[in-house]
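Residue numbers start from 1 in every chain, and the chains themselves are labelled A, B, ... in the order their sequence lines are given, proteins ahead of strands.
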Number of protein chains: 2
Amino acid sequence: MHNSRKPPTMADVARRTGVSPMTVSRAFKRDSSVSQETREAVLRAAEELGYVFDSTASNLRSQRTDFIAVTIPSINNANFADTVRALSDRVSERGLQILLGYTNYDVREEERLIEQLLRRKPEAIVVTGGKHTPRARKLLSNAGIPVIETWDLPEEPIGHVVGFSNALAVREMVDHFVSVGYRKIAFIGGDADRDTRGTDRRAGFIAAMKDHGLEAPRLIAAGPPPISMREGANAMGQLFERFPDTEAVICVSDLSAFGALTECQRRGITVPDRIAIGGFGDYEIGAICVPSLTTINAFASDIGAKTAELILDVLDGKLDRPGRVTIRPDLILRQTSR
Amino acid sequence: MHNSRKPPTMADVARRTGVSPMTVSRAFKRDSSVSQETREAVLRAAEELGYVFDSTASNLRSQRTDFIAVTIPSINNANFADTVRALSDRVSERGLQILLGYTNYDVREEERLIEQLLRRKPEAIVVTGGKHTPRARKLLSNAGIPVIETWDLPEEPIGHVVGFSNALAVREMVDHFVSVGYRKIAFIGGDADRDTRGTDRRAGFIAAMKDHGLEAPRLIAAGPPPISMREGANAMGQLFERFPDTEAVICVSDLSAFGALTECQRRGITVPDRIAIGGFGDYEIGAICVPSLTTINAFASDIGAKTAELILDVLDGKLDRPGRVTIRPDLILRQTSR
DNA sequence: GGCATCCATGTTATCGTTACCAATCCAAGT
DNA sequence: ACTTGGATTGGTAACGATAACATGGATGCC
């Protein structure tokens with residue numbers, strides 16, 4: 001039974017059920033007042049007709065889309081994926097849906113993306129990081145919806161914040177490394193002008209070294225983000241060439257740290273005896289690789305979950321001041337360091 | 001200047017510019033016929049007013065959303081992320097936006113998700129895999145939009161297909177392993193009833209073994225998906241207990257294969273001398289870990305790119321028969337096997 | 001000059017749902 | 001009996017953009 005007509009609308013379902021379109025509309029909402037039998041009759045008729053609820057019309061009339069817009073730097077990063085998953089799981093219980101976009105670690109792409117997402121009239125928008133173009137800031141401020149910056153603690157937040165200090169997190173690792181006797185410590189990260197969290201981590205590294213009275217010339221730029229395993233391995237190679245006496249290296253992420261570790265294995269350099277390695281992000285690989293990776297747990301899932309709670313509170317009107325949730329990253333000592 | 005009024009509409013922009021709303025609408029479209037100076041005046045007025053284009057109204061009136069709905073099993077999987085990224089990159093050039101949802105490897109969740117996505121009236125819908133609930137199949141068939149099943153070659157496709165045979169891909173690895181002398185070969189995968197691609201791979205393994213006149217009792221069930229590194233390591237532990245004389249093991253993915261490899265390292269079992277390991281998916285980790293991982297490249301990005309091409313062709317009316325794009329996975333021999 | 005053609009712009013009606021208000025019915029209370 | 005109130009249902013208009021059609025003016029060609 002091929003059907004080339006237009007798809008059925010609520011009016012069609014109403015006609016078939018013998019009720020008004022308004023009643024059909026109510027039958028499709030969870031909590032609205034329709035008698036049980038009317039609702040069942042409506043839903044049965046809808047199923048028979050193959051009716052599919054049209055959100056586009058609903059969105060326009062009700063001025064609600066139930067979208068939560070989210071921007072992340074990359075869809076291929078397990079940390080951000082964890083955040084989005086936790087966020088999605090929590091808000092979807094309330095019928096909200098994630099509208100996801102990625103910025104490729106570029107604030108200009110972020111600006112474009114934010115503009116595109118705002119056109120869809122989301123209920124709230126979650127961005128990764130606290131650094132944006134002026135226009136992006138303006139778009140977010142004027143959007144009239146909750147704005148949540150994550151994975152960072154911006155000095156001048158646009159709205160709400162759920163994040164942590166990347167610099168302080170790395171400082172904690174430096175403190176530990178120094179306390180167990182490492183002095184010649186290097187840092188492997190991406191180019192300074194792209195990955196802002198990476199840049200913060202590098203800055204935290206340099207500042208912490210300075211506070212210990214140590215120089216920090218051993219900075220290896222691993223190229224533009226994303227800095228993954230291969231980049232980490234290459235950077236480790238560079239480090240061996242340029243600073244062969246390095247005692248420990250802190251990498252901008254577990255992925256690059258693992259790459260660095262494999263480079264050591266390829267060169268027959270023992271970890272941590274000859275050189276210690278620290279990562280960032282507590283990716284699954286760090287816990288399972290041999291030797292396992294000293295790292296920093298930034299609680300990616302928690303960031304997503306707390307962001308979700310915050311959004312729901314704001315939408316419920318339970319929170320009218322900008323919220324600021326500070327995550328406290330955890331240093332995890334494993335086998336790649338003393 | 002606090003502004004508590006309603007956000008401006010095209011009518012406001014039109015008034016300010018001294019043109020009709022229709023002209024404003026045209027000024028916001030790329031190719032429509034508006035004089036250069038009118039367009040600039042409109043866009044300037046819009047910027048001054050802080051006007052944000054309202055897609056919800058546009059979507060309803062034009063009956064176009066420019067959404068491409070996509071379902072993947074998990075957002076935390078690099079293979080699927082690669083597919084989505086390639087797809088997204090290609091369709092976004094044409095102004096189409098991905099609306100992403102994940103099914104958690106569960107066909108019932110997939111059904112719910114498909115229904116939810118279809119309500120948003122996407123231009124096309126891309127699903128991962130070729131196994132769905134009857135109702136999901138019906139929803140997809142009746143949606144009146146292009147349906148693309150990926151990462152599989154379903155026998156009875158709903159619409160278009162961009163995929164490969166998971167069974168044949170694994171068979172190729174079995175053939176190679178047998179040809180270089182392995183006989184006691186095991187398979188590590190998820191529980192049979194969830195991950196359908198994993199199940200196909202296991203079936204391909206068993207069939208291939210049989211064709212070589214070999215028994216295949218060494219099947220380790222690693223639990224419900226996602227099967228990641230930890231599950232791979234645990235499964236490898238089980239394999240050593242139950243079948244200590246195993247010569248080679250094929251894992252359902254590179255992640256589990258890497259987990260298995262680390263378990264060998266923890267137990268001091270040399271790879272590939274004592275046991276060979278094969279993975280699936282050609283994840284970055286397989287190329288970089290030591291020893292590097294023999295695997296199968298399923299061309300995840302290509303799947304996304306070809307899916308995008310197919311969608312664009314269909315939307316352009318250049319393709320009216322169901323398309324079937326077959327990817328040919330590649331066996332990549334590396335250090336974890338002879 | 002006259003007529004066709006094209007470009008830029010305007011007018012009107014509409015996409016499909018739901019907010020808002022009104023109406024009806026039945027049970028309960030006085 | 002009559003009011004009150006809650007539950008259920010219906011009627012009407014509106015959300016903000018744009019498809020479809022119409023119009024006016026400039027341009028081109030014979």
Side-chain angles (χ1 to χ4, degrees), chain A residues 5-43 45-46 49-67 95 116 118-123 143-144, chain B residues 5-43 45-46 49-67 95 116 118-123 143-144:
Chain A
R5 282 168 300 179
K6 292 198 304 182
T9 70
M10 277 191 178
D12 298 314
V13 178
R15 213 159 6 240
R16 184 172 181 117
T17 320
V19 296
S20 74
M22 196 60 237
T23 299
V24 176
S25 173
R26 292 196 179 99
F28 272 88
K29 300 282 152 227
R30 278 180 194 286
D31 51 348
S32 52
S33 67
V34 206
S35 73
Q36 186 59 25
E37 59 181 341
T38 305
R39 165 171 282 131
E40 278 166 13
V42 167
L43 295 181
L49 285 173
Y51 169 74
V52 176
F53 183 92
D54 189 334
S55 292
T56 67
S58 174
N59 293 341
L60 175 59
R61 173 65 246 225
S62 66
Q63 299 289 77
R64 302 195 69 225
T65 59
D66 290 337
F67 275 136
Q116 192 191 13
L118 289 177
R119 289 174 162 215
R120 302 276 187 186
K121 306 292 173 187
E123 312 297 332
Chain B
R5 282 166 302 178
K6 291 198 305 180
T9 69
M10 276 192 178
D12 298 314
V13 178
R15 213 161 5 243
R16 182 170 182 120
T17 319
V19 296
S20 73
M22 195 62 235
T23 299
V24 177
S25 173
R26 292 193 179 102
F28 272 88
K29 300 280 153 229
R30 279 181 193 287
D31 53 348
S32 52
S33 67
V34 205
S35 74
Q36 186 58 26
E37 59 183 340
T38 305
R39 166 170 282 132
E40 279 167 12
V42 168
L43 295 181
L49 285 173
Y51 169 75
V52 177
F53 183 92
D54 189 333
S55 292
T56 66
S58 173
N59 292 342
L60 175 60
R61 174 66 246 229
S62 66
Q63 298 289 78
R64 301 195 69 225
T65 59
D66 290 337
F67 274 136
Q116 191 191 15
L118 289 178
R119 289 174 160 215
R120 304 275 187 187
K121 307 292 172 186
E123 311 298 331

Specify the closest pair of heavy atoms between B:Arg120 and A:Thr56, including all atoms of both residues, with the distance to one decimal.
O-CG2, 4.1 Å

Rounded to whole Å, how long is the line connecting atom CG of B:Leu60 with atom C1' of D:dA14?
12 Å

Counting only side-chain N and O atoms of B:Thr38, is one of them less than 4.0 Å from OP1 or OP2 of C:dT9?
yes

Assess whether one donor atom and one acceptor atom, taken from the side chain of A:Arg26 and the base of D:dG10, lie less than 3.5 Å apart.
yes

With a 4.0 Å cutoff (strictly under), does any side-chain N or O of B:Ser55 reach OP1 or OP2 of D:dA17?
no

Calculate the interatomic distance between B:Phe28 atom CZ and C:dA8 atom P; express it in whole Å.
18 Å

Quickly work out the A:Arg15 CZ to D:dG10 C1' distance and round it to whole Å.
15 Å

Counting heavy atoms from C-beta on, name the nucleotide in D:dG16, D:dT9, C:dT18 closest to the side chain of A:Ser25.
C:dT18

Does C:dT17 have its OP1 or OP2 closer than 4.0 Å to a side-chain nitrogen or oxygen of A:Tyr51?
yes

Rounded off to whole Å, could you give me the NZ-to-C1' distance for the B:Lys121 and D:dA17 pair?
18 Å

Taking atom types as modelled, find out whether A:Ser58 and A:Ser55 have a side-chain donor-acceptor pair closer than 3.5 angstrom.
no

Let me spell it out: for each of A:Asp54 and B:Glu37, pick the nucleotide of DNA chain C with the closest heavy atom. Which residue's pick is nearer the 5' end?
B:Glu37

Please give, in whole Å, the distance from C:dT17 P to B:Arg119 CZ?
11 Å

Proximal nucleotide (of D:dA19, C:dT17, D:dA17) relative to the B:Met22 side chain:
D:dA19

Roughly how many Å is it from CD in A:Gln36 to P in D:dA7, rounded to a whole number?
15 Å

Minimal non-hydrogen separation, A:Thr65 against A:Pro122, with atom names
OG1-CA, 3.7 Å

From the candidates D:dT18, C:dT18, D:dG16, the one with an atom nearest any side-chain atom of B:Met10 is D:dT18

How close do A:Val13 and A:Ala45 get, heavy atom to heavy atom, and via which atoms?
CG1-CB, 4.2 Å

What integer distance in Å separates B:Glu40:CD from C:dA8:C1'?
16 Å

Look at the side chain of B:Thr9 and decide which nucleotide, out of D:dG16, C:dG16, D:dT18, has an atom nearest to it.
D:dG16

At less than 3.5 Å, do the side-chain atoms of B:Arg61 and the base atoms of D:dT18 form a donor-acceptor pair?
yes

By the 4.0 Å heavy-atom rule, please label A:Ser35 as base, sugar-phosphate, or nothing.
sugar-phosphate

D:dA20 C1' sits how many Å from B:Lys29 NZ, rounded?
16 Å

Check whether any side-chain nitrogen or oxygen of B:Ser20 sits under 4.0 Å from OP1 or OP2 of C:dT11, and answer yes or no.
no

Could you check whether A:Ser58 gets within reach of a base, just the sugar-phosphate, or nothing at all, counting any heavy atom under 4.0 Å?
sugar-phosphate

Return yes if some donor-acceptor pair links the side-chain N/O of A:Thr17 with the main-chain N/O of A:Val19 below 3.5 Å, else return no.
no

From C:dT17, D:dG10, D:dT18, pick the nucleotide closest to the side chain of A:Val19?
D:dG10

5'-most by nearest nucleotide on DNA chain C - A:Thr56 or A:Ser62
A:Thr56

Compare every heavy atom of B:Arg39 with every heavy atom of B:Arg30, then report the nearest pair and how far apart it is.
O-NH2, 3.5 Å

Ranking C:dT9, D:dG10, D:dT18 by distance to the side chain of B:Pro21, first place goes to D:dT18

With a cut-off of less than 4.0 Å, is there a side-chain N or O of B:Gln63 near OP1 or OP2 of C:dG16?
yes

